[in-house]
There are 4 protein chains.
Amino acid sequence: MTEKKENILKAALELFAQEGFKSTSTSKVAKRAGVSEGLIFRHFENKDGLLDAIIKEGEEKAKLLFADIVLDPDPKEVIRKTLEMGLRMIGNKEDAEFWKLQYKIKWELEIYGEHKMEPLELALTNAFAKLGHAHPALEARYILVNMDGLATRYFLQKDFDLQSLINFIKTKYCI
Amino acid sequence: MTEKKENILKAALELFAQEGFKSTSTSKVAKRAGVSEGLIFRHFENKDGLLDAIIKEGEEKAKLLFADIVLDPDPKEVIRKTLEMGLRMIGNKEDAEFWKLQYKIKWELEIYGEHKMEPLELALTNAFAKLGHAHPALEARYILVNMDGLATRYFLQKDFDLQSLINFIKTKYCI
Amino acid sequence: MTEKKENILKAALELFAQEGFKSTSTSKVAKRAGVSEGLIFRHFENKDGLLDAIIKEGEEKAKLLFADIVLDPDPKEVIRKTLEMGLRMIGNKEDAEFWKLQYKIKWELEIYGEHKMEPLELALTNAFAKLGHAHPALEARYILVNMDGLATRYFLQKDFDLQSLINFIKTKYCI
Amino acid sequence: MTEKKENILKAALELFAQEGFKSTSTSKVAKRAGVSEGLIFRHFENKDGLLDAIIKEGEEKAKLLFADIVLDPDPKEVIRKTLEMGLRMIGNKEDAEFWKLQYKIKWELEIYGEHKMEPLELALTNAFAKLGHAHPALEARYILVNMDGLATRYFLQKDFDLQSLINFIKTKYCI
DNA sequence: TATGAATGAGACTTCATTCAT
DNA sequence: CATGAATGAAGTCTCATTCAT
């Protein structure tokens, strides 16, 4: 991957996350990447191809993040790590941008990509079962739905206090 | 409000909800509304004005919905009604479209409109306080964050079972 | 048909005939027509649509031209008119442009449109049969192939003397 | 001439003949030739240079073809060979492509290259004179115009029966 | 000789908006 | 109130050509 190609990906990620996919013109991306507009098409064929490349990169990131949670044998840890996933997602500016884009894209393109969450949901179901909960599958889904709610708020509500709400939720799960 | 003006609003609501604001051209709106393109601008000045009109209509709807909840003196009822709000939102096709649009717009324009939720959050805080919860404000926020998560899933995940998850949450609040 | 729409058709005909379809940009057409580029697409949807419109106009013209020949009961007249068709095609600048375009398009798009010639070929076959020729169908085809050759030369060879060659051919058919 | 240079010429000939000069991008040529795009410019300077090279090759081929006709002392043979030239042009796929390109180029660039035909026209004039025709120059031109008509039909009309029409023309010249 | 990344100009097309009717 | 022709800016994408390697 050449440096310019990486610049394009980075610029596109930033702009798509800030202004949305449709609202970001390829010329804006090129300008921010310090690159001729044509180069975008040489490397990614399409504007859609550029988006795909970003999403693909995202799936890799998500896999890594999930792997650490899913493979933990301690059920309490699985739950704790899931809840803290949100905080890790926004640890640095680049990560935050990346995850914000994931949600923006979901809404703009209306694809949830539930299959990506499946391993995590299964691991959580398992964890809740081990801990003796009556409806482990529902508990698992519930906690993940929570994460979507938190993301919605964190990314859209300027002064949203993510940290304290996550702490509060943790107390609910006795963590 | 003339019939044509209403057609425009209806067409715009449908299209904005389906394809997003940016992706919907005024000509598409006009075509679906069975109206000349110019008429949109006579009635709403610009495309943004059309969106504003739709959002404004939305606030009215939301106020009505919230009023019923906020004014209930029974704290358990406040919580129950809040949880069931989601089901009411999607009772008919038009309502579902309307609420889906609200979320799409939020993500596309990145305005959460937290002020609209304030009365409801206060009422919930109050309710949890009456019921003796330790952190009524956090409980209130938590439950609303949940609603956003549910909406995210319901609108984006094709086979999401909203009903059973709401029922499950109700049991958590002993309702 | 508004005046501007006609200007577009006229400008496009001229430019397509002079420089070819592919080599003529829509912006050039718009400029020559004294019209905004967007208007071309409002009226004709596509650059291809613009070409189609021109071709369709052409078919009408050709029909009129052929009708006069085909309907003549005198076989000698049918042949004479066919041979002189070439001269009529180039009677004025606009007609010449039009017919030149027809040939340019044929070669650029590789569609001969043989069905358009069928009535004429039949009429000629008939005429040669009446005159007692041994192979009327071949004579008919031969004379039409000649016309294509004449057009090729007339439009591509700067100093080609169409008139005298047509006169010469006429003597071959004793006309 | 290196192998790659020949590949380029071959690919360009094929593509220019199929899709036209303007419609064929240098990148398409490079791809079909299995060569980097830059190499085209190293060998031919520009796209026009590539076309020139192809045309120049064509003139050589035409010279060879004409030489055999022009040098024949028997006037009947000159005429016969001229008439059969068409069939020889399309003997194999590569030849057909080559000659088709010559015509496509003529129409796309509007250069007839009449000088190339001059020797042949003179030889034909001579032949018709020897045979005692009244207007040998016109006869010569007429027969060549016919060839252009035949080429037009053969290359553009899918089901055109070249052979039988050439045979028919031969009978006209008592050959 | 040969590659392939990179460019800049320009192609076709869309779209919000204006305006005469 | 309503139409629809018309515009100009901007959007996505293509392409001949250059250049460092």
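Order of the sequence lines sets the chain letters (A, B, ...), proteins ahead of strands, with each chain counted from 1. Below, each value reflects all heavy atoms present in this structure, side chains not excepted, and no hydrogens, waters or symmetry copies.
Using a 3.5 Å distance cut-off with no hydrogens or angles, the side chains of Glu37(D) and Thr26(D) do pair a donor with an acceptor.
Taking side-chain N and O atoms only, Asn46(C) has a distance below 4.0 Å to OP1 or OP2 of dT13(E). Between Lys4(D) and dT3(E) there is a side-chain N or O to OP1 or OP2 distance below 4.0 Å. Between Thr24(A) and dG11(F) there is no side-chain polar atom (N or O) within less than 4.0 angstrom of OP1 or OP2. Residue Ser36(C) places none of its side-chain N or O atoms closer than 4.0 Å to OP1 or OP2 of dA6(F). Close to dT1(E), at under 4.0 Å from its OP1 or OP2, lies a side-chain N or O of Arg42(D).
The nucleotide whose nearest atom lies closest to any side-chain atom of Lys47(A) is, among dT3(F), dC13(F), dA2(E), dC13(F). Distance from the side chain of His43(D) is smallest for dA2(E) among the nucleotides dA6(F), dA6(E), dA2(E). The side chain of Phe41(A) has dT12(F) as its nearest neighbour among dT12(F), dA6(F), dA6(E). Distance from the side chain of Thr2(A) is smallest for dA5(E) among the nucleotides dA11(E), dC15(F), dA5(E). In this structure, of dG4(E), dT17(F), dT7(F), it is dT7(F) that holds the atom nearest to the side chain of Leu39(C).
Summarising the geometry, the separation between CZ on Phe21(B) and P on dC15(E) is reported as 13 Å, rounded to the nearest angstrom. Computed from coordinates, the Met1(C) CE to dA6(F) C1' distance equals 17 Å when rounded to whole Å. Straight-line distance from the CD1 atom of Ile40(C) to the P atom of dT14(E): 13 Å, rounded to whole Å. Distance NZ (Lys31(A)) to C1' (dA6(E)): 18 Å, rounded to an integer number of Å. Between Leu15(A) atom CG and dT12(F) atom P the separation is 12 Å, expressed in whole Å. Whole-Å rounding puts the Asp52(B) CG to dA16(E) P distance at 15 Å. Taking atom CZ of residue Phe44(B) and atom P of nucleotide dC1(F), one finds them 11 Å apart after rounding to whole Å. Rounded to an integer number of Å, the gap from CG of Leu50(A) to P of dG11(F) is 15 Å.
In this structure, the separation between CD1 on Ile105(D) and CH2 on Trp107(C) is 11.0 Å, given to the nearest 0.5 Å. One finds the CG atom of Leu9(A) at 9.5 Å from the CZ atom of Phe16(A) (value rounded to the nearest 0.5 Å).
Rounded to 10°, the angle separating the first-five-pair axis and the last-five-pair axis of the helix from dA2(E)-dT21(F) to dT21(E)-dA2(F) equals 10°.
Checked by atom type and distance alone, the side chain of Glu108(C) pairs as donor or acceptor with a backbone atom of Lys22(C) at under 3.5 Å. Looking only at distances, a side-chain donor or acceptor of Lys47(B) sits under 3.5 Å from a matching main-chain atom of Thr24(B). A side-chain donor-acceptor contact under 3.5 Å links Lys104(D) to the backbone of Gln18(D).
With DNA chain E read from its 5' end, the first of the two nearest nucleotides for Val35(A) and Lys22(A) is the one closest to Val35(A). If you find the closest nucleotide of DNA chain E to Glu37(C) and to Asp48(B), the one lying nearer the 5' end belongs to Glu37(C). Heavy-atom distances to DNA chain F give each of Gly38(B) and Glu45(D) a nearest nucleotide, and the one nearer the 5′ end belongs to Gly38(B).
Nucleic acid contact for Lys5(C): none, since no nucleic acid atom lies under 4.0 Å from a heavy atom of the residue. Here Thr26(C) lies in heavy-atom contact (under 4.0 Å) with a base.
Counting only heavy atoms from C-beta outward, the side chains of Phe44(B) and Leu51(B) never approach each other to under 4.5 Å.
Results of the side chain to side chain contact (heavy atoms under 4.5 Å, CB included) test with Leu39(A) over Asn7(A), Ile8(A), Thr2(A) single out Ile8(A) as the only residue that passes.
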